[in-house]
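In what follows, a single structure is set out as structure tokens and then discussed.
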Amino acid sequence: MTSNALKTLLAAALALGSLNAHALESDRQQPISIDADQGSLDQKNQVTVFTGNVIITQGTLNMRANAVRVVKDPNGNQTMNAQGNPVYFRQELDNNKGIAEGWGDRAEYVSANHTVKLVGNAKVRRGGDVATGNAISYNTQTEVYTVLGGNATGSKNNPRVHIVIQPTTKADKK
């Protein structure tokens with residue numbers, strides 16, 4: 001996986017949890033560190049795989065999964081699939097807006113359509129704001145979030161979505 005691919009993946013994962021706040025800009029300037037029990041790169045087919053307690057960090061961003069697979073197509077588009085129990089990410093937000101974190105049975109990122117998804121027992125939390133459902137997707141280009149319940153995805157898990165949004169205080173508006 002190229003450094004740019006991983007940076008895009010990490011930015012996309014963070015975007016899911018941002019809920020109107022942005023990641024620390026300084027994180028993008030930090031080196032990316034990947035720890036796993038095993039890693040492989042197939043240059044010919046442009047496939048990178050990390051397995052076994054995968055931990056990816058860049059500045060304050062921390063992503064954990066059981067396995068991460070990234071494929072780059074001939075056009076340069078990248079698809080990332082992370083499997084976990086659960087997949088987890090956490091990052092500090094700019095302007096002291098707190099921490100964004102998210103969980104899901106798997107995470108998917110497709111650069112061609114600018115989408116990142118948490119699928120299966122999906123949950124995103126920023127401060128006291130929480131979104132849960134069977135799947136949560138975020139388009140990094142349009143900044144549109146979609147939270148789907150199990151009924152919409154054909155799953156019996158999490159049949160409905162649940163959103164909690166904290167009231168805005170005067171201090172939050174500054």
Side-chain angles (χ1 to χ4, degrees), residues 1 5-24 27 34 36-37 47-58 60-73 77-93 97-168:
M1 176 184 332
L6 192 53
K7 287 178 183 178
T8 302
L9 156 67
L10 296 176
L14 170 67
L16 248 181
S18 66
L19 297 177
N20 296 324
H22 299 284
L24 283 178
D27 282 351
I34 304 167
D37 293 342
V47 176
T48 303
V49 178
F50 295 98
T51 57
N53 192 27
V54 181
I55 302 170
I56 302 170
T57 57
Q58 183 182 26
T60 67
L61 178 65
N62 183 304
M63 182 177 178
R64 296 173 181 264
N66 292 341
V68 175
R69 182 176 194 266
V70 179
V71 178
K72 184 175 177 181
D73 73 19
N77 297 312
Q78 298 179 19
T79 302
M80 181 279 303
N81 287 293
Q83 303 291 321
N85 196 17
V87 172
Y88 172 76
F89 72 86
R90 178 180 199 274
Q91 187 169 26
E92 290 181 27
L93 303 173
K97 295 286 186 180
I99 302 290
E101 55 188 340
W103 300 262
D105 295 340
R106 69 182 192 272
E108 304 169 354
Y109 173 69
V110 180
S111 68
N113 63 14
H114 312 284
T115 58
V116 61
K117 293 181 187 178
L118 289 174
V119 180
N121 301 304
K123 180 177 182 179
V124 174
R125 177 171 51 205
R126 186 192 134 260
D129 296 344
V130 179
T132 60
N134 194 58
I136 301 174
S137 68
Y138 176 73
N139 184 305
T140 61
Q141 198 168 48
T142 63
E143 298 184 3
V144 172
Y145 291 88
T146 304
V147 183
L148 299 173
N151 291 338
T153 62
S155 171
K156 295 183 195 256
N157 294 335
N158 303 316
R160 295 169 48 87
V161 302
H162 180 73
I163 310 289
V164 175
I165 301 171
Q166 299 299 319
T168 302

Apply side-chain contact (heavy atoms from CB on, under 4.5 Å) to A65 and list each qualifying residue two or more places apart in sequence or on a separate chain. V68, A82, V87

Give, for atom CG of N134 and atom CG of L118, the distance between the pair rounded to the nearest 0.5 Å. 11.0 Å

Would one find more than 12 heavy atoms of other residues, nucleotides or ligands at under 6.0 Å from atom CG of N85? no

Atom CD of E108 and atom CE of M80: how far apart are they, to the nearest 0.5 Å? 8.0 Å

Applying side chain to side chain donor-acceptor pair (under 3.5 Å), name anything that partners Q83, two or more places apart in sequence or on another chain. none

Can you name the one residue among R64, R125, K123 that meets salt bridge (charged side-chain N to carboxylate O under 4.0 Å, His left out) with E101? R125

For D129 and Q166, indicate whether the former's side chain and the latter's backbone hold a donor-acceptor pair under 3.5 Å. yes

Rounded to the nearest 0.5 Å, what's the gap from CZ on F50 to CD1 on I55? Could you check? 13.0 Å

With sequence neighbours left out, write down each residue that passes side-chain contact (heavy atoms from CB on, under 4.5 Å) with N77, or none if nothing qualifies. D73, N75, S111, A112

What heavy-atom pair brings G149 and V161 nearest, and what distance separates the two atoms? N-CG1, 3.3 Å

Could you state the interatomic distance from NZ (K117) to CG (N81), rounded to the nearest 0.5 Å? 10.5 Å

Looking only at heavy atoms, the pair that brings A131 and V147 closest together is CB-CG2, 4.3 Å

Using the rule side-chain contact (heavy atoms from CB on, under 4.5 Å), only one of N62, L61, T57 pairs with Q91; which is it? L61

Quick one: OH on Y145 to OH on Y138, what's the gap to the nearest 0.5 Å? 4.5 Å

State, yes or no, whether a side-chain contact exists between T115 and V110 at a heavy-atom distance under 4.5 Å. yes

Expected output: side-chain E92 to main-chain T60 donor-acceptor under 3.5 Å: no

Nearest heavy atoms of T51 and A36, plus distance in Å: O-CB, 3.6 Å

Going by distance alone, is a donor N or O of one side chain under 3.5 Å from an acceptor N or O of the other, for D37 and N53? no

